[in-house]
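Step one of this worksheet: look at the structure below.
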Amino acid sequence: MAVSLAARGAWLCVLLAVVAAAAVPAAEALGMNWGTQATHPLAPKIVVQMLKDNGIKKVKLFDADQGTLNALAGTDIEVMVAIPNVLLDVMTDYDTARDWVRHNVSRYHFDGGVKIKYVAVGNEPFLASYNGTFDKVTFPALQNIQNALNDAGLSDVKATVPLNADVYNSPTDNPVPSAGRFRKDITDLMTQMVQFLANNSAPFTVNIYPYLSLYLSDDFPVDFAFFDEGAIAAPVLDNGVTYTNVFDANFDTLVSSLKAVGHGDLPIVIGEVGWPTDGDKHATAVYAQRFYNGLLSRLAAHKGTPLRPNQYMEVYLFGLLDEDVKSVAPGAFERHWGILRFDGQPKFPIDLTGQGQNTMLVPAKDVEYLPRTWCVYNSNAKDTSKLAENVNFACTFADCTALGYGSTCAGMDAIGNASYAFNAYFQVQNQRDEACDFQALAVPTQTDPSTATCNFTIQIAAASSTSAGHRRTGPGPLGAAALLALALLVQLLFMLQ
Ligand SMILES: *[C@@H]1O[C@H](CO)[C@@H](O)[C@H](O)[C@H]1NC(C)=O
Ligand SMILES: *[C@@H]1O[C@H](CO)[C@@H](O)[C@H](O)[C@H]1NC(C)=O
Ligand SMILES: *[C@@H]1O[C@H](CO)[C@@H](O)[C@H](O)[C@H]1NC(C)=O
Ligand SMILES: *[C@@H]1O[C@H](CO)[C@@H](O)[C@H](O)[C@H]1NC(C)=O
Ligand SMILES: *[C@@H]1O[C@H](CO)[C@@H](O)[C@H](O)[C@H]1NC(C)=O
């Protein structure tokens, strides 16, 4: 009898374990990239509340901003803090790395502090377009940071380097995942780095962007960017394995590259994956919803990839919020990666638990907006000879990326374009009176000029945004040329960041 009870008990345990495993939502594994390259970033406490309201348990930051970390303190949200690329050089000095760890990690390590789990050392530092700028400093910085963490008794915090997927590839004459190898110019570096990560039980972090595969090549089969089940016109066949989506193919190219340097089992974290919603014909909310729907249901089912089947994957979506001053060098879509708008309003239905029950996310609460005033083209304008020049100026300092081909505000006439640009600038300038003049070409209005698809935004007010937002002031006495030069410099800095 006792035996049978125990046996039944065991069965029940197994059953409960199975039920529990099935019920674990993807949100447990799912993280969000929280970038802040915005003129009016939402206040950290508003963002943190929104994360909680949506059951999001992990965030990846691009810095170790004190205000952000204070807002995260006392929550059960796991955090990846980051060291920007521009600081990698100084981190090659161990004492500097040790101080950084003290100030930005150890300081928050207490009961009720911040659950810092990773330190990202750099952001895509080996991007081919950086021409090797960070090749010499990244690995020493990684070593110093992990060693400093270990020396501070924080060896559970792992240092890792989020890398772009262009650090590996497969040969053009054999473009299959099993032929994946690290890029030739950095093979030795990657080999050492991977060994160091393995020695410290730290993960390899990679950013994978099916959207970019599609964006960068007109010949790329659209369906291959998504995770739809069913017939794919052009699957990739690799030694009996069929790849029906580029995410799996890309991930397994990395697995093969790791295997080739003796660490085929190194844990992999997806540092960024996502789909933008504006700024390009393929950057739409419809495509984004399709992409996330497929991705999240696979994650929830722990589907894994052909080379790592049935696995839990740690994934950080890119990104949480739109960022209106991200560099548009890669493309106009760069400012539209958020699953939420800049103000924390959801864009499309999504189910972060991967159960396909797509609903709108819980929006940010307590967001205060500027008054409902827009700035538009002045239909009584006498001299329009300087219109293009003024639109250009507005778009240099505000985000006009929704105006381009295939975007939400495309197809307007020159007047519509001008109104959009003037309003964008006026909002960035916190609706200062002088910011809606443009040599008498613009006037403020209380009538919303938005159309069904094109959103003329109202910016959020200072109370909802951090000081970074309202410290920005108008052009003042500086000439337009000087400002343009400054804008280009700022863009360059963002690119290098
Ligand atoms: C990180 O620590 C350094 C001290 O080494 C400090 O100067 C820096 O401001 C900190 N970074 C942030 C973003 O708090
Ligand atoms: C890398 O080199 C290319 C070609 O020489 C150049 O156009 C680009 O500006 C360089 N980029 C950086 C970040 O140095
Ligand atoms: C990793 O650990 C092994 C064994 O302790 C050691 O020989 C090797 O130098 C370490 N590699 C790195 C890159 O730290
Ligand atoms: C409106 O702006 C977009 C983006 O700059 C441009 O492609 C388009 O040609 C403009 N339309 C007119 C009528 O000027
Ligand atoms: C415009 O943006 C606001 C604020 O985020 C949002 O509430 C509204 O639904 C958007 N309208 C359109 C047409 O996208």
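Every number for a ligand or one of its atoms is a count from 1 in the order of the listing.
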Please report whether the ring centroid of Phe134 lies less than 6.0 Å from that of Phe126. no
Just by distance, no angles: are the side chains of Tyr118 and Glu314 close enough, under 3.5 Å, to form a donor-acceptor pair? yes
Suppose I only count heavy atoms of Asn131 and a 4.0 Å limit; which atoms of ligand 2 are within that range? 1 (C), 2 (O), 3 (C), 8 (C), 10 (C), 11 (N), 12 (C), 14 (O)
Main chain of Ala402, side chain of Asp278: is a donor-acceptor contact present, judged purely on distance under 3.5 Å? no
For Trp275 together with Phe226, are the ring centres under 6.0 Å from each other? yes
Is any N or O atom of Asn104, backbone or side chain, closer than 3.5 Å to an N or O atom of ligand 1? yes
Report, in ascending order of atom number, the atoms of ligand 1 lying under 4.0 Å from any heavy atom of Asp99. 5 (O)
At a 4.0 angstrom heavy-atom cut-off, what protein residues surround ligand 3? Gln192, Gln195, Phe196, Asn199
Residue pair Asn174 / Ser170: nearest heavy atoms and the distance that separates them: O-CB, 3.8 Å
Measure from the ring center of Tyr425 to the ring center of Phe393 and say whether it is less than 6.0 Å. yes
Would you please indicate if the ring centroids of Tyr316 and Trp34 are separated by under 6.0 Å? no
With a cut-off of 4.0 Å, which atoms of ligand 1 are near a heavy atom of Trp100? 1 (C), 2 (O), 5 (O)
How does Asp63 reach ligand 1, by side chain, by backbone, by both or by neither, if only non-hydrogen atoms under 4.0 Å count? neither
Within the 6.0 Å centroid threshold, strictly below: Tyr287 and Tyr211: no
